[in-house]
Every structure is written in structure tokens, then in C-alpha cells.
Amino acid sequence: MEREQVIIVRYCEIHLKGKNRGYFEQVFMNNLEKALAGVRHEIRRPSGRYVVENFDGSRTEEICERIRKVFGVHTLSVGIKTGADLDEIFEEVVRIAPDSGTFKVETNRADKHFPLNSVEVNAEIGGRLLGKNPSLKVDVREPQCVLHIDIRENGTALVFRDIIKGAGGMPVGTAGKGMLLLSGGIDSPVAGYMIAKRGMKLECVHFHSYPYTNMQAREKVEELARILAEYTGGLTLHVVSVTHIQEEIHKKCPEEMMITLLRRFMMRIAERLSLETGAQCIVTGESLGQVASQTVEGMTSSNAVIKTMPVLRPLVGFDKTEIIAKAREIGTYETSVLPYEDCCTVFLPKHPLIRPKLDKVEAAESLLDVQGLIDEAFAGIEAVQF
Ligand code: ATP
Ligand code: MG
């Protein structure tokens, strides 16, 4: 039989979901299909895992990379499909076996008519391998390498090693939808990643103060959205100008309240956008105490304008170093550190309020036409699809 590459995909946590299992698996399957859109392939589901077959072997690496990013993927392995015949199986096992160290063979026999049972296959193939390479040793408890054989019902077998770690988490779409406040910084893309990893679909909103901020700042955010979209199976970025809002705050309110008041506008706009797009919560990249505006009092002030949904802050207890490590891992760091200005740095007060008092904030805000400014910002929203 001809050798054919396959990719075995194992999922995590989904099995924990009892009655919802069928639904979770369906969403996971759809997300896998979406990740592989435009690539020839077939996905089959023999017990407890997914097998991707019938793809162009010269694209294996790219396909693995796409699958690896799908939330819910625990691990994946590139394997070979061969005939369900001991000699053919052994030939493939030899190809993937390590040169030295400890190993075990683990067989899964779906075809109960296969002449040997799984323990016998382990012993037979393991024994042949030891005979061929005496520097190998069997260790069934903690082997350095596990050689898997999967004997299937249709007269074929899969031979593979565990190798690639997947993104983990839950399939995107199984935990509702959130509106991520996406700045050009390091934190908010990581916050989006963390929450999407728990199965939440994302929409993003970005606020800019063009022409005080430039077009490169916008392109940078679009690039971050594009990277996030690889994990979330697509997303919409809503781009909102807060230029006039900032000018009004600057003109009419105490200087040190700029960020506090701007945050409240961002929150109100995000909530209204959420209600319009079916998002059920707001997600930010705030981390307690990281900067002057990220105190619990600052959060009280911005939460106070949200009436209908929770504000999730997945990074609230993370150190900056931990967030940076995560940003590197998910591929957003290089883009985030490009040096373009965020709207929060426009009209930046010399001494921003660290512990804003809600009554003072509200008094300052009453000098503004809040509703009119929000309506105006809404009229200019652009939506970009990724
Ligand atoms: P980040 O690295 O995400 O920019 P930061 O440490 O710079 O975070 P702030 O600038 O205080 O922190 O912003 C806190 C959070 O507010 C951000 O994580 C983001 O969710 C939201 N935010 C800030 N600026 C913007 C913006 N221009 N557009 C959309 N959201 C924003
Ligand atoms: Mg920022």
C-alpha cells in the first residue's frame, strides 16, 4: 500500500462537558475546517480524535501550523497511513523511531479481527525494533518516546509519534462573544488571546485620535487583529475616532482627568457596539497597578458607565514580564512594540489621577455633551473584517 501522510489531532477538555459534548465537538470540527479553508484535505473522526488526510504532503508543515492554533487542540502528530500488516507497520515504525534512548510501543486496535491484540502488537513490534537497534531500551512507565500504532477497521493502520503541542483551551464559539478593546499595545492582544482560548468569540474595537495619531498606528492595530483572527477563526475590528471627544475633554475638563474620562467614553462606546453586534461582555488588557489608570478606583470609574454586561480583565493578576512572554509566544509582541502613538498618549496629563473619585469624575463629565459626542463617534465607525 502507498504511504500517505496524515495528521492526528487530539483535543482537550471537550470530553469534560458531558451532555454538551456533541455541540462542542461540532464547533471544534467547524473551527478545524475554517482553519484549513483553501487547502485540500479531509477530516475523519475515528474514536476520540480527528485525523486529517488526503492533503498535499508538501504543505504538511503549514497545515500543522494552522491546526496548532485552533483552540481545543491538545496535541497533534504527523503520521503515516499504511496497510494493517505487521511488516508494513514495522517498516514505518523504524522510520520514526529514535536512534537511542527509551521507548514504548502503544497500540490501539479498532479492528478487533486483527490477528494480534494490542498488547501482542506492542510486544511484537517492540521486540523487532530492539532486535534491529540494540541501543534502544523499553521503558513502559516513563519512555522518552512513544511510538503509536493505530489499527483501523478499514484495513489501514496509522503510525506516529507525539510531537506538536497545540494551543489548548476550548473551541472558539462555545463561550459566547466578547468585545475586546484592542489598543496597539502589548497587553490587549494577549487579553484577547486568553479569553478566546476559553472559547469566546471576539469582536474588537480600536479608538484612535487621527490626525494626532497617524496611519501607521492604525495599520499596526490591523496587523494585531489579523494575528488574533488566526486564533479566533476571523473577527471584525471596529475603528472609532475619539479625536473630538479628546478635544472636548481637553477644552472643558481638568487636565488630570483626561485618561479617566476617555476610558469612560471608550467603555460606553464598547457597550453600545456590543449590544449592536451581539457581544455579551467587554474585554480589556488592564492589569492591576500596572500604570496610573489601572487602579481599582480607576476600574470603578470606568465600570460605573457599563449597565448591561460584565467587564472581563483576563490579565488583571499578571506581571508585565508574564504578559510579554505570552505576547512573544502568540506572535503579537514584535508588532506591539512598533513605536506608534496610541490615543491615550495624546493630551497626556503630566499627573494623571491615580485614584479618581467617582463623584468628581461625574461632575467633570457633566460639562460635556456625552450623548452627542458618542453619537458623533458612532456615525464615523468603520468595520474591517479579518
Ligand atoms: P495595552 O498594552 O493593551 O495598550 P496598556 O498597558 O498600554 O495596555 P492602557 O493604555 O492603560 O494600558 O490601556 C488599558 C486597556 O484599555 C488596554 O489594554 C485596552 O484594552 C484598552 N485601550 C487602551 N487604549 C485603547 C485604544 N486606543 N483602543 C482600544 N482600546 C484601548
Ligand atoms: Mg496602551
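It should be emphasised that the depicted structure is a prediction, and the values quoted were computed from it without experimental measurement. Counting convention: from 1, in listed order, for ligands and their atoms alike. The first residue in the sequence is number 1, and the count goes up from there.
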Donor-acceptor pair between [X] and [Y] side chains, under 3.5 angstrom:
X: S188; Y: S183; answer: yes
X: Y212; Y: Q246; answer: no
X: R40; Y: N54; answer: yes

Set of residues satisfying salt bridge (charged side-chain N to carboxylate O under 4.0 Å, His left out) with respect to R328, sequence neighbours excluded: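 With sequence neighbours excluded, R328 shows a salt bridge (charged side-chain N to carboxylate O under 4.0 Å, His left out) to no residue whatsoever.
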Sub-3.5 Å N/O-N/O distance, [X] and ligand 1:
X: F207; value: yes
X: P189; value: no
X: G285; value: yes
X: V283; value: no

Taking 4.0 angstrom as the limit and counting only heavy atoms of [X], give me the atoms of ligand 1 inside it, by number and element.
X: G185; value: 1 (P), 2 (O), 4 (O)
X: T284; value: 20 (O)
X: V205; value: 29 (C)
X: E286; value: 14 (C), 15 (C), 18 (O)
X: I186; value: 2 (O)
X: S183; value: 1 (P), 3 (O), 4 (O), 22 (N), 23 (C), 24 (N), 25 (C), 26 (C), 28 (N), 29 (C), 30 (N), 31 (C)

Within residues 166-178 or reaching into it, pairs that qualify as side chain to side chain donor-acceptor pair (under 3.5 Å) - sequence neighbours excluded: K177-E203
V190 near ligand 1, heavy-atom distance under 4.0 Å?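 Judged by the 4.0 Å heavy-atom criterion, V190 does not count as contacting ligand 1.
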May I ask whether M266 places a heavy atom under 4.0 Å from ligand 1? yes
Salt bridge between [X] and [Y], side-chain N to carboxylate O under 4.0 Å?
X: R272; Y: D375; result: yes
X: R44; Y: E42; result: yes
X: E271; Y: R268; result: no
X: E230; Y: R66; result: no
X: E91; Y: R95; result: yes

Between [X] and ligand 1, find which residue part has any heavy-atom pair under 4.0 Å and reply side chain, backbone, both or neither.
X: I259; result: neither
X: R263; result: side chain
X: L180; result: neither

